Participant: 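One structure, as structure tokens, below. Some questions next.
First listed ligand is number 1; within each ligand, the first listed atom is number 1. Just so it is clear, the structure is predicted and the values come from calculations on it, not from any experiment. Note: hydrogens, waters and symmetry copies are ignored here, and every other heavy atom, side chains too, is used.
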Amino acid sequence: MSLSKKGSSATSIVIFGASGDLTARKLVPALFNQYCKGRLPEDFHIVGTARSEFSHEQFREKMRRGVEELANFECPKQEWMEFSQRLWYLRGDIKQSRDYAAMDSFLQKLEGAPVNRLYYLATAPSLFPIVVQELGKAGMAHERDGWRRIIIEKPFGRDSKSALELNNVIHSVFNEQQVYRIDHYLGKETAQNILYFRFLNTIFEPTWNRNYISHVQLTVAEDVDVQHRAGYYDNAGVVRDMFQNHLLQLLTLVAMEPPATFAADAVRNEKVKVLQAVRPIRVEDTVRGQYEGYCQAEGVADGSQTPTYAALRLYIDNWRWQSVPFYLRSGKALQHKTSEVVVEFKSPPHVMFPLPEGYELNQNFLSLCIQPDEGIHLRFETKVPDTQQETRSVEMDFHYRDSFGGEPLPDAYEPLLLDALEGDASLFTRSDEIEAAWGIIDPVLKAWEDASPAHGVETYGRGTWGPTEAEAFIQRDGFMWRFGCSDSEQ
Ligand code: BG6
């Protein structure tokens, strides 16, 4: 994770699939904001390509609207004028070899001299192998005249087999060091801060294990439904869309051992070990649901059984985490948006206070709030003043907005794009991590295919917290779902 000084070497950034949402909503705003902060290389060009017809000016205008409407920062006019002069568009068909040759000569003309190149695959996933192979055929992956890197968007395959095949295609053209598989959750400040919080403070790490922690909950809840993405989503479902990538990545940050250095591979080695230690998940360790009305959305197959909500319980079979359950849940059309990690601590071994009979002591828990109200909260017990026996849970809170001047946090794509330009892959997913993550998810998907109706998809109301079975599921273990970052306890 580098917050670079201005890079000195000239670089071209080529975005494949540039007419899509991601380019206007995320990529160009992120690059522009980094430009305004003086962090892009002094000499750079950004070239978008897709099948649609745009002139350079039309493309610039489309991007300007994206920055103005969608970015969480002001778009300074003068800077935009300068930046947009480095934005270009070249129409091209991803399936045509000749269009890669045309792209290469367009780039060479712009560049004037050999420079670095970063390719961004923002296309439909089915096109990833084609772009990679065509780049290879056109000699555009060769590093003789500067580095060549490629960023690949999710979804990375739809199971172990397809992920492995995709990795093989990529490795037939690019070395692993040139490959940056992006997971935007790792670009979120608060996700990165999990490692800083754990390994830069000595207060919590001694308790961060099976001796003190009773269980861990990871929640990524969304209030939006599938919106216009049903075509993709109905084939993917919540587990491929959110668990294989974002939730398992968060899990690795919460559970990994401290690496000796912060070098990309040292960090990723530790993350991979966590994934490899996850015990196979059984169907009894899962709950799935679908929100009411999902099947009526355009693009959803009749009678679709695609889950839009899932909760999983998993165990990490290693020294630190033996027998500690990790509960992961995510869903769409839930009551509100929140992404958080809750670490619940064990009860004290002996309570010496004369608490009333039947009194249930509340557990301490720590909440790492990823979004939207980014921060960290610690809940602990305290004596209610002027009483003899009463206790109450109170909170110690840290909010980014209060401690860091209230500026919105940078969008997750900003640090990630910068890191790829700087050659820092620590926040990108390595091929073995991808394969290990699918190794966890495949059996869940398979178990659901084979499951009896008792483990089928339960319908849940929009604006609720998911299927009722999700409640029963965690309560059977003696716990309850926590919301440590807001007051929406269920
Ligand atoms: C994407 C998923 O990866 O993450 C979407 O494909 C989901 O379905 C999105 O809505 C959530 O991201 P965030 O940053 O809004 O939590």
Side-chain angles (χ1 to χ4, degrees), residues 17 20-23 25-27 29-30 70-72 120-126 128 151-158 163 180-194 218-251 253 288-291 294 297-300 304 306-310 328-341 368-375 400 408-417 427-429 434 437-438 441 462 466 483 485-486:
D21 256 14
L22 185 72
T23 308
R25 293 173 72 98
K26 294 289 179 186
L27 304 182
L70 303 162
N72 63 358
Y120 199 113
L121 265 56
T123 64
S126 58
F128 294 166
I151 302 186
I152 302 178
E153 262 295 334
K154 65 168 275 261
F156 198 94
R158 52 176 287 110
Y180 292 71
R181 296 173 195 77
I182 201 163
D183 184 316
H184 78 280
Y185 261 68
L186 293 182
K188 293 183 190 282
E189 275 293 338
T190 41
Q192 293 177 41
N193 197 43
I194 296 175
L218 277 73
T219 298
V220 177
E222 297 188 89
D223 49 3
V224 293
D225 61 17
V226 290
Q227 299 168 302
H228 59 283
R229 295 170 71 229
Y232 146 76
Y233 194 90
D234 200 40
N235 277 314
V238 66
V239 169
R240 289 192 180 91
D241 189 47
M242 299 297 288
F243 284 69
Q244 184 275 338
N245 36 60
H246 310 323
L247 277 122
L248 288 183
Q249 285 298 318
L250 288 178
L251 174 78
L253 300 179
R288 56 189 162 138
Q290 185 185 79
Y291 64 80
Y294 169 77
E298 205 185 315
V300 172
S304 167
T306 299
T308 59
Y309 175 99
L328 280 54
R329 65 173 166 162
S330 180
K332 291 209 184 273
L334 298 180
Q335 203 176 97
H336 68 74
K337 183 177 172 78
T338 180
S339 299
E340 53 188 89
V341 176
L368 305 171
C369 309
I370 312 292
Q371 63 186 20
D373 180 8
E374 297 90 350
Y400 277 75
L409 295 178
D411 186 80
Y413 279 88
E414 293 187 33
L416 293 174
L417 282 163
L427 294 178
F428 293 84
T429 322
I434 292 277
W438 278 118
I441 295 306
R462 285 168 175 269
F483 289 90
C485 300
S486 59

Participant: Please answer whether the main-chain N or O of Ile434 pairs with a side-chain N or O of Thr429 as donor and acceptor at a distance below 3.5 Å.
Facilitator: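 No.
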Participant: Could you report the tightest heavy-atom contact between Tyr294 and Ser304, atom names first, then the distance?
Facilitator: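 Closest pair (atom of Tyr294, atom of Ser304, distance): CE2-OG, 3.7 Å.
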Participant: With a 4.0 angstrom cut-off on heavy atoms, strictly below it, pick out the residues next to ligand 1 and order them by chain and number.
Facilitator: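 Within 4.0 Å of ligand 1, protein side: Lys154, His184, Tyr185, Lys188, Glu222, Arg229, Asp241, Met242, His246, Lys332, Lys337, Gln371.
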Participant: Using side chain to side chain donor-acceptor pair (under 3.5 Å) as the criterion, list what pairs up with Tyr185, not counting sequence neighbours.
Facilitator: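 Checked Tyr185 against side chain to side chain donor-acceptor pair (under 3.5 Å); matches are Ser339, Gln371.
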Participant: With sequence neighbours excluded, tell me which residues meet ring-ring contact (aromatic ring centres under 6.0 Å, His included) with Phe428.
Facilitator: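 Phe428: ring-ring contact (aromatic ring centres under 6.0 Å, His included) contacts with Tyr180.
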Participant: Output all residues satisfying salt bridge (Lys or Arg N to Asp or Glu O under 4.0 Å) with Glu222, sequence neighbours left out; order by chain, then residue number.
Facilitator: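 Salt bridge (Lys or Arg N to Asp or Glu O under 4.0 Å) list for Glu222, sorted by chain: Lys332.
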Participant: Rounded at 0.5 Å granularity, tell me how far CG in Leu416 sits from NZ in Lys188.
Facilitator: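 Spacing of CG (Leu416) from NZ (Lys188) equals 10.0 Å.
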